[in-house]
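Here the structure is laid out as structure tokens; the discussion comes afterwards.
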2 protein chains.
Amino acid sequence: MKAKITLKDIARELEVSISTVSKALKNSEEISRDTKEKVQAFAKLYNYKPNNIAISLKNKRTKNIGVVIPDIVHHFFTTVIRGIEKYANARGYNVIVCLSEESFDKEVINMEMLANGSIDGFIMSLSSETQQKGDFNHLKEVTEQGIPVVLFDRITNEIDCDKVIIDDELGAYMATKKFIEQGKKNIALITTDDYLSVSKARTMGYIRALEESDLGVDESKVLKLPSMEMDEKSIKKFMDSQELDAVLCVNEIFAVYSMRLAQQKGLKIPEDISFIGFTDGLLSKYANPSLTVVSQHGERMGEVSAKMLIDQVESEEEEETYQTKILEPTLVIRDSIFH
Amino acid sequence: MKAKITLKDIARELEVSISTVSKALKNSEEISRDTKEKVQAFAKLYNYKPNNIAISLKNKRTKNIGVVIPDIVHHFFTTVIRGIEKYANARGYNVIVCLSEESFDKEVINMEMLANGSIDGFIMSLSSETQQKGDFNHLKEVTEQGIPVVLFDRITNEIDCDKVIIDDELGAYMATKKFIEQGKKNIALITTDDYLSVSKARTMGYIRALEESDLGVDESKVLKLPSMEMDEKSIKKFMDSQELDAVLCVNEIFAVYSMRLAQQKGLKIPEDISFIGFTDGLLSKYANPSLTVVSQHGERMGEVSAKMLIDQVESEEEEETYQTKILEPTLVIRDSIFH
DNA sequence: TTGTATGCGTTATCAG
DNA sequence: CTGATAACGCATACAA
């Protein structure tokens, strides 16, 4: 086992000082060609690589960014991570992933752990529990320490920081409008309670589209589940109690599941009943029929978040003005509605 | 903005030495009750937290583990990460995730980046390109430096380190046997080229089951795709050219897609043709009909890998004997085969 | 052209 | 009981 070699080791071997070695490796003008060559050759031979930790301590820059998300077994978050990772890597940053598992306490613990020097900034999406509690002190503390934060998707207005979201209201509006244009009359919405920022926005878009039309909103056609967790019974009960010809769902799982319920009742998709979901994951693509969705462009969101964060980390002055980037959702048309 | 406070700051404020502060905060016996209380109160008030980076430098332990995987937008890897994260977090470790995107070069770069002090050990699954090339020098270098490595799922025998896999051969064997028991005669396999360690093992299990039966192996019933990427045309061509009554697929996407092809031909599942896939993801659960799969227990795999790695990191002596843990796969029976 | 001294934040050893 | 000093690995201002 050949342990890592340090500047000190090289200096000792070559009988020069550490600073000479340091400068030589940086190709400094101050050092003679001779010594530089000697040092560089030696360093190469022994595969010298500077120690990241030491550099971090010196520079007060870790080149790590902390990503705190509620759930990783979820296509949307997964694509966001990929976007973050790609962009961050390209700029020389590593990504530390922490999962809050939708728990407030875990979110707090994770942030505290990372905030003590492990990372240069945070990219995060709030846990449902955090949004429900409305307690954002852990975020406040971090931003007050001068650690940049970028919130994405599940955000809060209580914290002053950069934010990236898609226009959820518009996405739901577009989807609902599509139904209306295709002549659907009984359009349901399966969503979650309003404390989730995204659900709230989507519900608003649904309502706006209906109110703009002649149809109007029928409260009984809106199912609000307590969480994003699958609740087969409630959905079945809801679907059985209604005469529907279109259903908008706040995620793809709800949509695919309710599609199946409809099929079991002998309904034809999209003739008798159409479906649109949110999240453009594998499930939508390979469902039968394939599911039309409002794509949230997770990867793009990740890239944008990472860019905003790193720009802020690397800008000297502390930003005084934070921006919120709103990405446009896109309707990906598949077989669960008329083409 | 209140910046982070350091030992030095406390020492200056309280007019004591840094070492006194350090000891006082550790509740050292050496320090008088008076000073301890004073220091601790002050530290609490200003929310002092030791700087992780400084501690890492001192201890030569980062409490970070590096996870390098080929792809994160993939249910199996996602569950593994969750397992790793849960276990590692419980033991006070953070997880740095790097994606190789199935590329050898990216894998190498990522490892080098992390190996320079950023992490205490690696958990990784090889990129397909790496398995194809058979070049494992980046792994050798890391292990030779004394950095512990745990390989999972996509492994190689060329590297001496701990490994965690599921018994892929057995999984395929069980699945194929199931088909045979249910009276299926024309059992196909849709897999990828043998350079992927898991595909090779699965193919072997498929062959063993057939050879043990009266059926024997028919090469024309095996489709080997160049990669795990979806290749709709090849699968369609394969499915059209065959009279099949059962199909085993090396992942759930291939399975769900070929199910749909069968349905489009008017075949009934599972009566006319049955399907089993690998990977117990959302797709399998919500496909129509739901897909029977060989579950790889990703989360468990992640936990086991993390435990092995951290145990090794924290054990003083350098291990001389490495182990390979083989997890048992499980058949999750759903509607794509007879119950 | 090279080397010395200092500091990043912490801990440990040893002296007072 | 307290504090000065060195060390982790590196970078750099300043001397020589």
Side-chain angles (χ1 to χ4, degrees), chain A residues 3-40 42-43 46-64 113-120 145-147, chain B residues 3-40 42-43 46-64 92 114-120 145-147:
Chain A
K4 285 245 104 159
I5 193 176
T6 70
L7 289 185
K8 193 198 264 188
D9 297 328
I10 302 182
R12 185 168 8 83
E13 275 326 293
L14 264 41
E15 299 184 299
V16 290
S17 79
I18 294 178
S19 48
T20 303
V21 177
S22 174
K23 288 171 189 163
L25 290 175
K26 292 203 133 48
N27 237 320
S28 160
E29 295 299 324
E30 303 180 21
I31 306 294
S32 73
R33 224 163 58 91
D34 244 32
T35 354
K36 276 201 281 197
E37 276 173 8
K38 199 173 57 175
V39 170
Q40 289 173 1
F42 190 92
Y46 286 92
N47 192 30
Y48 168 80
K49 293 278 165 51
N51 179 308
N52 290 332
I53 298 294
I55 292 180
S56 294
L57 185 59
K58 181 120 245 292
N59 298 347
K60 299 177 154 225
R61 284 278 164 84
T62 61
K63 290 251 170 184
N64 285 156
M113 212 164 150
L114 295 181
N116 303 137
S118 298
I119 49 90
D120 295 340
Q145 278 172 36
I147 303 179
Chain B
K4 285 246 107 166
I5 193 176
T6 70
L7 289 186
K8 192 197 265 187
D9 298 327
I10 302 183
R12 184 168 9 81
E13 271 336 287
L14 264 39
E15 298 184 302
V16 290
S17 78
I18 294 178
S19 34
T20 302
V21 176
S22 174
K23 286 171 190 164
L25 289 174
K26 293 206 131 46
N27 238 319
S28 161
E29 296 298 326
E30 302 180 22
I31 306 295
S32 72
R33 224 161 58 90
D34 243 34
T35 351
K36 277 201 281 197
E37 277 172 6
K38 199 174 56 176
V39 171
Q40 289 174 1
F42 189 92
Y46 285 91
N47 193 29
Y48 168 80
K49 292 278 166 52
N51 180 308
N52 291 332
I53 298 295
I55 291 180
S56 294
L57 184 60
K58 183 120 245 297
N59 298 344
K60 302 181 152 216
R61 284 278 165 84
T62 61
K63 289 247 168 191
N64 286 157
L114 295 181
N116 303 138
S118 298
I119 49 90
D120 295 340
Q145 277 172 37
I147 302 178

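Just so we're on the same page: letters track the sequence lines, and every chain starts at 1. Not measured: the values here are computed from a predicted model.
- Across C:dT2, C:dT11, D:dC10, the shortest atom-to-atom separation from the side chain of A:Pro50 is found for D:dC10.
- Remark on DNA chain D: of its neighbouring residues A:Lys23 and B:Glu15, the 5'-side contact belongs to B:Glu15, judged by nearest-heavy-atom nucleotide.
- Taking side-chain N and O atoms only, B:Ser17 has a distance below 4.0 Å to OP1 or OP2 of D:dG3.
- Counting atom types as modelled, B:Lys58 pairs a side-chain N or O with a base atom of C:dT11 as donor and acceptor under 3.5 Å.
- When atom types are taken as modelled, the side chain of B:Gln40 and the backbone of B:Ala24 share a donor-acceptor pair closer than 3.5 angstrom.
- Regarding contacts with the backbone of D:dT12, every side-chain N or O of A:Ser19 stays at 4.0 angstrom or more from both OP1 and OP2.
- At distances below 3.5 Å, not a single donor-acceptor pair connects side-chain atoms of A:Lys4 with backbone N or O atoms of B:Gln145.
- For B:Glu37 and D:dC1, the CD to P distance is 13 Å, given to the nearest whole Å.
- Rounded to whole Å, the distance from CZ on B:Arg61 to C1' on C:dT10 is 17 Å.
- The nucleotide whose nearest atom lies closest to any side-chain atom of A:Leu57 is, among C:dC8, C:dT11, D:dC10, C:dC8.
- A donor-acceptor contact shorter than 3.5 Å is absent between the side chain of A:Asn116 and the backbone of B:Pro50.
- Distances shorter than 4.0 Å separate some side-chain N or O of A:Tyr48 from OP1 or OP2 on D:dC10.
- Not a single donor-acceptor pair under 3.5 Å links the side chain of A:Asn59 to the backbone N or O of A:Ser56.
- No donor-acceptor pair under 3.5 Å is formed between the side chain of B:Ser22 and the backbone N or O of B:Ile18.
- Separating the NZ atom of A:Lys8 from the C1' atom of D:dA7 is a distance of 7 Å, rounded to the nearest angstrom.
- Both B:Asn59 and B:Ser32 lie close to DNA chain D; mapped to their nearest nucleotides by heavy-atom distance, the more 5′-ward contact belongs to B:Ser32.
- Atom-to-atom, CD of B:Glu30 to P of C:dT13 comes out at 10 Å; the value is rounded to the nearest Å.
- Using a 4.0 Å heavy-atom criterion, one finds that A:Ile55 contacts the sugar-phosphate atoms exclusively.
- Over its full length, the helix from C:dT1-D:dA16 to C:dG16-D:dC1 turns its helical axis through 70°, comparing axes from the five pairs at each end and rounding to 10°.
- Comparing atom distances between the B:Lys26 side chain and each of C:dT11, D:dA11, D:dT2 picks out C:dT11 as nearest.
- Looking at heavy-atom distances under 4.0 Å, B:Ser56 makes no contact with the nucleic acid at all.
- Rounded to whole Å, the distance from CG on B:Leu7 to P on C:dC8 is 12 Å.
- When rounded to the nearest whole Å, the span between CZ of B:Arg12 and P of C:dG7 equals 13 Å.
- Looking at B:Leu7 and B:Leu25, their side chains come closer than 4.5 Å, going by heavy atoms from C-beta outward.
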Report the C-alpha distance between B:Ser32 and B:Thr35 in whole Å, list the side-chain angles of each, state the deciding distance to 0.1 Å, and finish with yes or no for side chain to side chain donor-acceptor pair (under 3.5 Å).
-> CA-CA 5 Å; B:Ser32 72; B:Thr35 351; 2.3 Å; yes

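- OP1 or OP2 of C:dG9 lies within a sub-4.0 Å distance of a side-chain N or O belonging to A:Lys60.
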Determine, stepwise, if the pair B:Phe42 / B:Ile5 fulfils side chain to side chain contact (heavy atoms under 4.5 Å, CB included).
-> CA-CA 11 Å; B:Phe42 189 92; B:Ile5 193 176; 3.9 Å; yes

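- Rounded to an integer number of Å, the gap from B:Ile18 CD1 to D:dG3 C1' is 10 Å.
- OP1 and OP2 of C:dG9 both lie 4.0 Å or more from every side-chain N or O belonging to B:Thr6.
- The nearest whole Å value for the distance from the CD1 atom in B:Ile31 to the C1' atom in C:dA12 is 13 Å.
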